[in-house]
Every structure is written in structure tokens, then in C-alpha cells.
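In this text the structure is predicted, and so the values were computed from the model without any measurement. Numbering of ligands and ligand atoms starts at 1, following listing order.
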Amino acid sequence: MSVRVHKLAKELGLTSKDLIERLRKLKVDVKGHMSALDDATAEIVRHELEDQMKSPGQKPVLKEPKAKKTLKTLKVHMPLSVKEFSLRLGVKPSELIMRLMSKGHLANINQNLQEDIVRGIAEEYGYNIEKPPSIEEEILEEIRSKEEEGKNVIRPPVVTFMGHVDHGKTSLLDYIRKSNVVKKEKGGITQHIGAYQVKLAKGAVTFLDTPGHEAFTAMRARGANATDVVVLIVAADDGIMPQTIEAIDHSRAAGVPIVVAVNKCDLASANVDKVKKQLSQHDLMSEDWGGKTITIPVSAKTGEGIGNLLEMLLLEAELLELEANPDAHARGIVIEGKLSGGRGVVSTLLVKNGTLRVGDVILSGLHYGRIKAMVDDKGEKIEEAPPSTPVEVLGLSGVPQAGDEFFEVKDEKKAKTLSSLKQTQEKEELLAGKTSRISLDQLYDSIKKGILKELKIILKGDVVGSIEALERSLEGLSTKEISLKVIHSAVGNITESDIMLAIASNALVMGFHVKMEPKAQTTSEKEKVDVRLYNIIYEAIADTKAAMEGMLEPITKDIFQGRAEVRQVFRVSKVGTIAGSYVLKGKIPRNAKARLLRNKKVIFEGKISSLKHFKDDIKEARENFECGIGLQGHDDIKQGDIVEVYIEEKTTRRL
Ligand code: GDP
């Protein structure tokens, strides 16, 4: 329902023009006498104008609410609009709007209020604001409580293959997949859905189909770690190579245990012992050499050792006590999401806990939906998927991102509300450029607040010698409050994989005599990863030390821009006092800061609120030109005063 302006005017005995004028004063924006006001706004306007007309010329007086001694509790969901707040407080919206105005907050009836404002006002009315759990918290609580019911059972391990290029990751994945497909199932053809599961006599193992640490870390960078065990593939004829080391560092940064498969053992040039020796230098001492690392010789060509590898993976899973509760609400991780022509959004999900069923409503990131159909890795339609099962599902409202988590939500309405809430949140965060990445500039702050106990660094350099020297020196800077740890160091330029590792592990990246690869540059800028490039070892150490001591905090310096003399003072109604000035030296930029000097004493310091040349707004007034300067919130300006203008420059302090 709504009320037209001309009708309301008639009702109040005013002309439309007069009413529109009064509405503007009440900050109610209307255009023309045919426009309409919603009922609630019309009600406020009636109330407000009737009061004004009863006592013309008098400003309505705001009665002080009777604050009660003990505060009562008012439960409200944020965000809260003026309308809802007034209802909850039991006061008229117009009274609330005026109370807000008296505190300098302009708000219309449908506007949402900030939490601190709500708290302040509520207190005046004798209420203490209590926020009931958000929908997200409610859903998580529901999931938690369901997880506590029922019994945990052993679940299959989820495995990712990593290693240097051409060492046989894909061949091994393919061999395992093919040798475990029962022939009658669709003639042995398997469906590539991003992951698959093999069933053995003693249990099952789930393999993620995208091998390599890039995919592994990219997923982790999105916040989820799907992998329980990493199988590090090392070719027996080639040994440990740079990407093998990267894979080791990426797995360790994620805290995921490593099982080693020494591949290509069928080759005459295979030397398993040499590989084991190299592994021991990277803290991966083989079990048969007295170490803790399961190391298995295999061949993707002949299939030798693969059965043994699978058994060992089951053993490792047992040691890790991987358990899940099949009775809980389903939750897990998105492995892949894509848009398929005829079928809509197709997502591969890995169930980590609970059982996912056709008909369940799930929520993932910004998207939600009811599962319409579910297919397993053999292309078979299935009705339910227990923990560690990869499935392809149809029914989500949008394409989810790999690495996002998904949750089963019992109430579809809740899922829908949360999904739209998250979309708004994401937009706001995007606009605010919010990130919580570690950077040298904020290091001191993070240490001081106790947020950070360990500074992780990824180090890339041109030669092994200088990397080792730098690594030692950096780790040597560790103090009681913060320890420095190089989680990955290698020779070569900074790659995108380094940046992903930095995101996933909240680390910063240092390069010594190296460059950033273009893709790494783009990703680091987008994700705001702190990358520092140095050519002198001393500088890298000095910078880090300074950052730890808070000496890198930026210092602000005033840079002089110009000086103007006030030659005439104008008072402009609604705007305030304007200094009609003449620029004696330099320039006066509109967005600069100003000091007003009288007899060489500073009597005002603050922002320039307006800058004009005659009637026109200008960005800058130059030397020997006239201009009108307004100073924000300051009217005491006299002829002969001097306006000095400067900009603040933030610089980083160096030791
Ligand atoms: P990826 O880059 O790690 O995925 O390696 P691929 O699986 O693509 O294998 C690289 C090459 O090594 C291919 O030509 C494979 O045929 C070969 N290869 C993989 N595993 C074996 C193996 O066990 N024995 C032999 N002789 N060759 C292998």
C-alpha cells in the first residue's frame, strides 16, 4: 500500500508543492506530486507534520526516554532497519529517526543501522542488545550436534599423487583405476569426475584425479584440505628433482603425511637405493632403512608393487585413525564445478562426513540447491554417498568453486537466506578490498596482538649458496614472541605455485636475485600476497628485522603544496565561510590538507571542504590565481590569514 503525495497534501491541508518542500526537510526524497510514499513513511510524515503545524515555527522537542536502571534484554538479528528497530523498541519510527538525527545519524525508515548505533540507542531506552546466533551459526550448530549423535566408523583415506613431471603420476592413477574396474561395469569404461574410489578386500581408497602440488595447494588456498595422504612419486631412474622437493614442501606446509612410491622400477636404469638415499636427505628416511617413511617400489607399466602400495595406504589410514560419522549431516569439499550444456551445473563433491542423499539440500559458498541426481565414478546412478565417496551431483544454483566446502542444510529456506547473505558479504568484502594476509608492514602489529607466533617465508633465489645463507640468517632472527620459518626454498623465479603456497599457508614470499613470473605477479596482486624482491642479502635481513621491531610502520611526512593569502571573506548561507584567496606560491589542490595561520600561529588544521574559481568547483588553484577556499567545519577566517596546504605522504621507515 502507498499514498500519493497530492492526496496526502490534501489530507493535511497543504499544497503538493508545500508538502514536497517539507518532505525534503525531513530527508524524504520524492519527485513530483504524483509520486507515492509507502504506508510507514506516510505515517511518520503525518505524525511529524501534524506536530509541526500545531505549533508552527517551533522545532519538535525530543523527549528524553526514561532509561531504566536495569537493562532488559532485546534479541535482534543484525542488520536491523529503522522500521524493525522502532517496532522492537515500541516507539514510533518518527521518534526513532529524530533520536538518530540528534546523534548525527541520518537514516530513513528502511535503512539498516550499524550495530554500535543500535546498541547505543537501545541502552537509552533501557535495553541491552543480544544477538541470537546468525543463520550460519545455527546451521553449523545443527551440524555439530548431529555429529555428536551416532557412531564414528573408519572411512577410506583420500589420496593425492604428487611429484616431478613425467615421473608417472598420471600413469599410476590410470593403472589403479583400470585394474580395479570390474569388467561388466560399462565394459570397463570409467567416468572422469575428478576423483575415484577403489575397493579392496580390506577397505577402500579414494584418489583425487588431479595430480600435482599446484592443484593440491590451489584447493588449500581456498580453505579446504581434501587430502589425507600424499603419495610422492619419484622415478627410479631420475631421482629427486626440483618439483619433487616442491611437492614435499607443499605437503609438509599442509601437515599431510607422505607415502613414497618409487616408480618405473621395471627400467634397467632404475636405482631404488639411490632414490632412498636422496629421500633421507629430505627427512624421508625409508622404513627398511630405520626411518618412518613408507617407501614402495612400483611400476605403472607392469603393475608391480601397486597392490602393495594400496595396502600400505590402508595401513596409513588406520594409523591416522581416519573416522567419520555416516549418520551426521553431510559435509565435504567441492572437487570440481562446471556448467554443462544440457545438464546445468555439474559438481563433483567429496563427502568427508555424514551421508549425502538425493533430495538433500546443500549449501556451498554462494550457491545452494536440492540434489536432483547423483552419479558415482563408474557412471552409475546412486541414491546415497557415505564418507570419502566422490560423487557428481546436479542441482546447485550456481557453479561452486573447487576447494569450497559444502554442507547439508535441513531447511531450504535457511540455505537460500544464507546464500544471499553470503553474496552480499562477498560483494562488500570485495569493495572493501578486505584481506587478512600477512605482510611485513603489519608484522609488528600481528606480533603485538599475539595473532602471529610464526612467520612463514617462501624463499626463492638464483643460487643454492645464497638461499641457504639467507634461510639461516632469517630463521636466526627468531625471538621468543615469533619464530621465523622458511617453509619452502628453491632456485628459480617466483612462480604461481609459490604464490598459492603463500596464500594457503599465510606466508610471505622473498626473492633474491630473481624475478616474478607474470602469472605469479597477477595472482599476488589480486590476492594481496606480500612479495619482496632483494638484490642484497643484508637488505632482506634488515627489512625483516625492522618489521619485527615495528620499525617498518609507515611514518607520515607533510609535503608542502602551496600558500594562499585570504583577501576577502564571504559568508555563504548553508555552506559557511569561504576564504577568497590569492595563491602566493605553489598550488592549492582540492584534496589536500590545510593549515590556517594568523600572525604565524596555526588556528586550524584539517581538510579543505570546497575549492572554487568564481562559481565553478575546481580540482586545483595555481600560483597567482584567485580561488575560494572552504575549510571543513571551520568558519573563523579573517582577511590577512594565510592558508598553507600540504599532502601527507606515508613512507616506510628503514633501519
Ligand atoms: P606425470 O607427468 O608424472 O603424470 O607422468 P606420466 O604418467 O605422464 O608418465 C610420463 C612418462 O613415463 C610416460 O611416457 C609414461 O609412459 C612413462 N611411465 C610412467 N610410469 C612408468 C613406469 O612405471 N615404467 C616405465 N617404463 N615408464 C613409465
Side-chain angles (χ1 to χ4, degrees), residues 158-181 188-198 205-219 226-227 229-252 254 256 258-276 278-279 282 284 286 293-313 335-336 348 377 390 402 488 490 492 495-498 500-501 517 519:
V158 179
V159 175
T160 298
F161 279 9
M162 290 196 203
H164 195 73
V165 64
D166 279 351
H167 279 197
K169 299 178 291 291
T170 319
S171 306
L172 278 166
L173 274 169
D174 282 350
Y175 186 94
I176 297 170
R177 185 204 309 266
K178 287 201 189 96
S179 60
N180 280 281
V181 175
I189 300 165
T190 53
Q191 185 112 342
H192 279 265
I193 65 166
Y196 65 83
Q197 196 177 61
V198 299
V205 183
T206 302
F207 293 91
L208 294 183
D209 238 352
T210 332
H213 53 267
E214 293 88 352
F216 171 83
T217 301
M219 203 178 258
T227 308
V229 182
V230 162
V231 175
L232 184 73
I233 314 288
V234 191
D237 61 333
D238 210 11
I240 288 193
M241 298 300 278
Q243 282 172 308
T244 319
I245 300 171
E246 269 192 43
I248 296 173
D249 289 344
H250 281 237
S251 317
R252 285 204 174 126
V256 177
I258 300 172
V259 166
V260 180
V262 184
N263 190 33
K264 305 197 188 183
C265 282
D266 56 285
L267 293 176
S269 52
N271 187 344
V272 179
D273 278 351
K274 191 176 145 205
V275 176
K276 284 188 182 167
Q278 290 175 334
L279 286 165
H282 290 273
L284 289 172
S286 171
T293 309
I294 300 175
T295 310
I296 301 170
V298 296
S299 164
K301 201 170 170 189
T302 64
E304 180 201 331
I306 291 179
N308 194 11
L309 173 68
L310 295 176
E311 263 182 43
M312 286 301 157
L313 287 172
I335 303 293
E336 249 176 44
T348 298
D377 54 343
H488 173 59
T495 62
E496 200 190 15
S497 167
D498 296 325
M500 290 314 252
L501 181 61
E517 288 185 356
K519 260 178 133 180

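- Between P390 and I335 the shortest side-chain heavy-atom distance does not fall below 4.5 Å.
- When heavy-atom distances to ligand 1 are checked against a 4.0 Å cut-off, D166 comes that close through both its backbone and its side chain.
- Residues K169 and I233 have side chains in contact (heavy-atom distance under 4.5 Å, counting atoms from C-beta outward).
- When each atom of ligand 1 is checked for a heavy atom of S299 under 4.0 Å away, the hits are 23 (O).
- Contact of the L232 side chain with the L279 side chain is registered, since non-hydrogen atoms from C-beta on lie closer than 4.5 Å.
- For atom 26 (N) of ligand 1, the candidate residues are T302, D238, I233, D266; the nearest heavy-atom contact is made by D266.
- When only non-hydrogen protein atoms are considered, atom 4 (O) of ligand 1 lies nearest to T170 OG1, 2.5 Å.
- Applying the 4.0 Å criterion to heavy atoms of L267 picks out, from ligand 1, the atoms 26 (N).
- The contact set between ligand 1 and H164, taken as ligand atoms under 4.0 Å from a residue heavy atom, comprises 3 (O).
- With Q243 contributing its side chain and V165 its backbone, the two residues share a donor-acceptor pair below 3.5 Å.
- Aromatic ring orientation, H250 versus H488: perpendicular (interplanar angle above 60°, classes split at 30° and 60°).
- Comparing K301, Q243, K264 by heavy-atom distance to atom 11 (C) of ligand 1, the nearest is K264.
- The pair R177-D377 does not meet the salt-bridge criterion, since no charged nitrogen lies less than 4.0 angstrom from a carboxylate oxygen.
- The protein heavy atom nearest to atom 5 (O) of ligand 1 is G168 N, 3.0 Å.
- Counting protein heavy atoms only, atom 20 (N) of ligand 1 is closest to N263 ND2, 3.1 Å.
- V231 is not listed as a side-chain neighbour of F207, based on a closest heavy-atom distance of 4.5 Å or more.
- Of the listed residues (A235, C265, S171), the one carrying the non-hydrogen atom nearest atom 6 (P) of ligand 1 is S171.
- Given atom 23 (O) of ligand 1, the protein heavy atom at minimum distance is A300 N, 2.8 Å.
- Looking at L208 and F216, their side chains never come closer than 4.5 Å, going by heavy atoms from C-beta outward.
- Atom 13 (C) of ligand 1 is not flagged as protein-proximal [any protein heavy atom, distance under 4.0 Å].
- Within 4.0 Å of atom 18 (N) of ligand 1, at least one protein heavy atom is present.
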